[in-house]
Amino acid sequence: MNLPEPPERTTNTGQKRDRPSKLGLNQAWLIFLAGALLLMALWAPVKGLISRGLYQPKAPFGPIDASSFVALAYGGVSDRSNEVSPAQFDAQLKLLRLNGY
């Protein structure tokens with residue numbers, strides 16, 4: 001059932017009035033989906049900016065009183081080219097002892 005178009009109305013200044021466009025159901029859902037996806041895509045950077053703004057680093061407290069390590073992770077100590085040499089290993093242990101570990 002097609003209704004006849006109403007006559008065009010003009011404003012007080014003589015210009016034609018804008019008429020709202022009619023969107024189809026598919027077009028309305030597409031616009032909604034595009035808006036929802038845009039909001040989801042912008043959430044990650046906005047969340048990052050909020051987190052960066054609210055982050056307050058805490059200063060370390062208390063003395064460092066460790067006298068040993070629980071474990072040293074080396075693939076191996078030997079004279080092979082892909083492992084730590086015994087001289088390097090001894091030098092690293094001496095440096096750790098000098099620094100209070």
Side-chain angles (χ1 to χ4, degrees):
M1 166 157 95
N2 293 334
L3 298 175
E5 293 287 326
E8 292 195 18
R9 297 181 181 177
T10 58
T11 60
N12 293 339
T13 59
Q15 296 175 345
K16 292 182 181 179
R17 277 183 139 174
D18 291 333
R19 295 187 60 194
S21 62
K22 295 180 181 178
L23 295 178
L25 186 61
N26 289 340
Q27 200 173 13
W29 275 109
L30 186 63
I31 291 171
F32 170 76
L33 183 63
L37 290 175
L38 180 65
L39 287 175
M40 287 173 33
L42 292 176
W43 173 244
V46 169
K47 182 181 174 188
L49 290 174
I50 291 171
S51 297
R52 183 180 293 175
L54 295 178
Y55 174 71
Q56 297 174 352
K58 295 183 180 179
F61 61 93
I64 299 174
D65 58 356
S67 60
S68 63
F69 282 94
V70 176
L72 287 174
Y74 287 105
V77 177
S78 71
D79 290 325
R80 292 188 201 171
S81 63
N82 62 346
E83 293 182 349
V84 176
S85 69
Q88 286 178 326
F89 183 71
D90 289 337
Q92 289 173 0
L93 285 179
K94 285 178 186 175
L95 283 173
L96 289 172
R97 284 189 199 114
L98 286 174
N99 290 315
Y101 291 101

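Given the structure is predicted, the values throughout are model-derived calculations rather than measurements. We use all heavy atoms of the structure for the numbers below, so side chains are in, but hydrogens, waters and symmetry mates are not.
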Quick one: side chains of residues 28-56, donor-acceptor pairs under 3.5 Å with protein atoms, not counting sequence neighbours, listed by atom name and distance.
{"from": "Ser51", "atom 1": "OG", "to": "Lys47", "atom 2": "O", "distance (Å)": "3.0"}

note = The side chain to side chain contact (heavy atoms under 4.5 Å, CB included) partners of Arg80 (sequence neighbours excluded) come to Ser78, Asn82, Glu83
Ignoring hydrogens and angles, write down the donor-acceptor pairs under 3.5 Å from the side chains of residues 85-98, residues two or more places apart or on other chains.
{"from": "Ser85", "atom 1": "OG", "to": "Gln88", "atom 2": "N", "distance (Å)": "3.2"}
{"from": "Gln88", "atom 1": "OE1", "to": "Ser85", "atom 2": "N", "distance (Å)": "3.4"}
{"from": "Gln92", "atom 1": "OE1", "to": "Tyr74", "atom 2": "OH", "distance (Å)": "2.1"}

